[in-house]
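Structure record follows, encoded as structure tokens.
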Amino acid sequence: TFEKLLIANRGEIACRVIKTCKKMGIKTVAIHSDVDASAVHVKMADEAVCVGPAPTSKSYLNMDAIMEVIKKTRAQAVSLNDCLLKFSSLSLQASEGVTFIGPDTHAIEAMGDKIESKLLAKNAKVNTIPGFDGVVKDADEAVRIAREIGYPVMIKASAGGGGKGMRIAWDDEETREGFRFSSQEAASSFGDDRLLIEKFIDNPRHIEIQVCIITTAAITDKHGNALWLNERECSIQRRNQKVVEEAPSTFLDPETRRAMGEQAVALAKAVKYSSAGTVEFLVDSSKNFYFLEMNTRLQVEHPVTECITGLDLVQEMIRVAKGYPLRHKQDDIPINGWAVECRVYAEDPYKSFGLPSIGKLFQYQEPLHVPSVRVDSGIQQGSDISIYYDPMISKLITHGSNRAEALKRMEEALDNYVIRGVAHNISLLREVIIHPRFVQGDISTKFLPEVYPDGFKGHKLTDLERRELLATAASLYVAEQLRSQRFLGTQRISIAKSKRSSWELSVRLGDGIYPVAVSKDASSFSVEVDGMKLNVTSEWNLASPLLSVTVDGTQRIIQRLSRNASGETSIQFLGTVYKLQILTKVAAELSKYMPEKAAEDTSSILRSPMPGAVVAVSVKPGDMVSEGQEICVIEAMKMQNSMIAAKTGKVSHV
């Protein structure tokens, strides 16, 4: 096909493209910002060129610098990131002999503009959401249009995607606020602050079709051939961004699947599309579906489609760009088993289902030893998660012969995933995939707020699970005490007393304090908790980040994340991190004499929950503010967050 291909992207997508290029014998050129000089995609590529400083506008979105790299490296083809798509063909056509891996300019511009794409969809007889088809000029017009459509409404960036520049408004005040934030985010992320407003479909499913939320996927070539590659269910979302995806959907029947696929292909043909793309739909409880948008790029969730169809979408995109016809017919596209994808983010799920976290991954281990697991990532141990880019760590994918098998493997994979150095959303992902509603397929885009109306609190232990955790923690404590008494496999002091075989401990978990008795029996421990005895066995390799522990025949994978000299320890159990304090009975009795450190009163301070840029300050010293009033706006990882006052008072200083 091509001798050399330039990847104008970063992260897991860049790594994914490079892997396929290596398989096809194509040399690769990676671009990077100065802070990404040691990134995984840079190391994987045959050549790498720095295109600017950390901010995306000065590096990965710097088209002039990228064009210079194309000329310098003599790349024959280019794979661009989604924010550069609209500049792609116009610039590349000026460079003789350079091919863009993706659709042509017309298709990109038509589908990249939500206003124009909606009009094209209507003309192609594709079902669309009711709304205003023009550009909204200002907040006042937004309110007028919203009233005409009828609340609730969705305000979204015309050039947007990925949940950025989107707000739901239920009244006039939320419409004004949504207009402000959406236009600012759109300008920052896409360089285009145009907005549109349409009716918000309450409690829908997001399904997409791969042609090439539920989503249908499709791929088309330059010879008039087109395929729809079944659907992806993407209804589990937070802040309009997908968190868990699967293929196929539990909701669609063959007739609806075909109807969605045929409409997706009709839209692709209407804009003379020639590459892989995704047509997204909202589907209501009666299986009525409405066109949402078309993404003219390789979607983050494409691996689940690859798993059930056996196709390599990147390879197909490269072949189509070179002019080859598609090698498959619609009847050749199977649904082979079930695939599930979890987006693993550097986020704290206990804050708004995912507040971004930054830091260095000082320990990182992917669960590739688990059968039928695939991990698409662009990071490694030692990588930095910074404020400049999306906080995604990886895409974790499992495949099974059926949905239950795929979900069971996902549960095992999440338990075996080691991520240290940043907060992550493993606990939320694990709770979602084992929740009865999700297992039954009873899901919608409102799943998270409905299931966790007061926010995500982690796994709620049953009495049995609580006893298992207490027994495991106590056994771990004793195993460490025994290890500390030995030196190179022998007793540390030759005149030490005979081995101790029983321990009386006090374990604090949450608000409870539990007496725990541990006795050693050969290689296992007998632990008494709540008057019940449990048998705990393990190899007790305390140097391993993962510990396989069996409690009364039930195997668990745990991770001990931290411990200190005062008996405090953090253990990841069933995906959630629990803080415990383990003391001997004597130490526990004496601990009541230890003064407790008073908690800091932060109600008079507005402290940003994450590093970022202050893009607006709404108050000045001397202003009176009310509880819940906006004080400032912080932008981090391409999202804007409004900071509000915790109580009523006067601003003393900023």
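- With hydrogens and angles left out, the side-chain atoms of S59 and N62 include no donor and acceptor closer than 3.5 Å.
- The ring-ring contact (aromatic ring centres under 6.0 Å, His included) test applied to F447 returns H435, not counting sequence neighbours.
- Under a 4.0 Å N-O distance rule, the pair E301/R343 qualifies as a salt bridge.
- One finds a salt bridge joining K4 and E47 here, because a Lys/Arg side-chain nitrogen approaches an Asp/Glu carboxylate oxygen to under 4.0 Å.
- The pair R238-E347 meets the salt-bridge criterion, since a charged nitrogen lies less than 4.0 angstrom from a carboxylate oxygen.
- Under the 4.0 Å criterion applied to side-chain N and carboxylate O atoms, E245 and K395 are not assigned as salt-bridge partners.
- Applying the side-chain contact (heavy atoms from CB on, under 4.5 Å) test to C21 and every residue at least two apart in sequence or in another chain returns L5, V17, I26, T28, I318.
- Legend: residues meeting ring-ring contact (aromatic ring centres under 6.0 Å, His included) with Y417, ordered by chain and number and at least two apart, are Y364.
- A54 is linked by a side-chain contact (heavy atoms from CB on, under 4.5 Å) to D34, V35, Y388, Y389, counting only residues two or more places apart in sequence or in another chain.
- Listed by chain and residue number, E366, V375 satisfy the side-chain contact (heavy atoms from CB on, under 4.5 Å) test with L368 (two or more places apart in sequence, or in another chain).
- Side-chain atoms of R403 come within 3.5 Å of backbone atoms of V439 as a donor-acceptor pair (strictly under, hydrogens ignored).
- Side chain of D312 to backbone of V314: a donor-acceptor contact under 3.5 angstrom is found.
- A donor-acceptor pair shorter than 3.5 Å can be found between the side chains of T278 and R232.
- The ring-ring contact (aromatic ring centres under 6.0 Å, His included) test applied to F289 returns F281, not counting sequence neighbours.
- Contact check for E246 versus I443: side-chain heavy atoms found under the 4.5 Å cut-off.
- We find that R258 and E262 are joined by a salt bridge, their nearest charged nitrogen and carboxylate oxygen being less than 4.0 Å apart.
- A cation-pi arrangement is not found for K118 relative to F291, the charged atom failing to lie both closer than 6.0 Å to the ring centre and inside a 45° cone about the ring normal.
- Using a 4.0 Å cut-off between charged nitrogen and carboxylate oxygen, R167 and E185 count as a salt-bridge pair.
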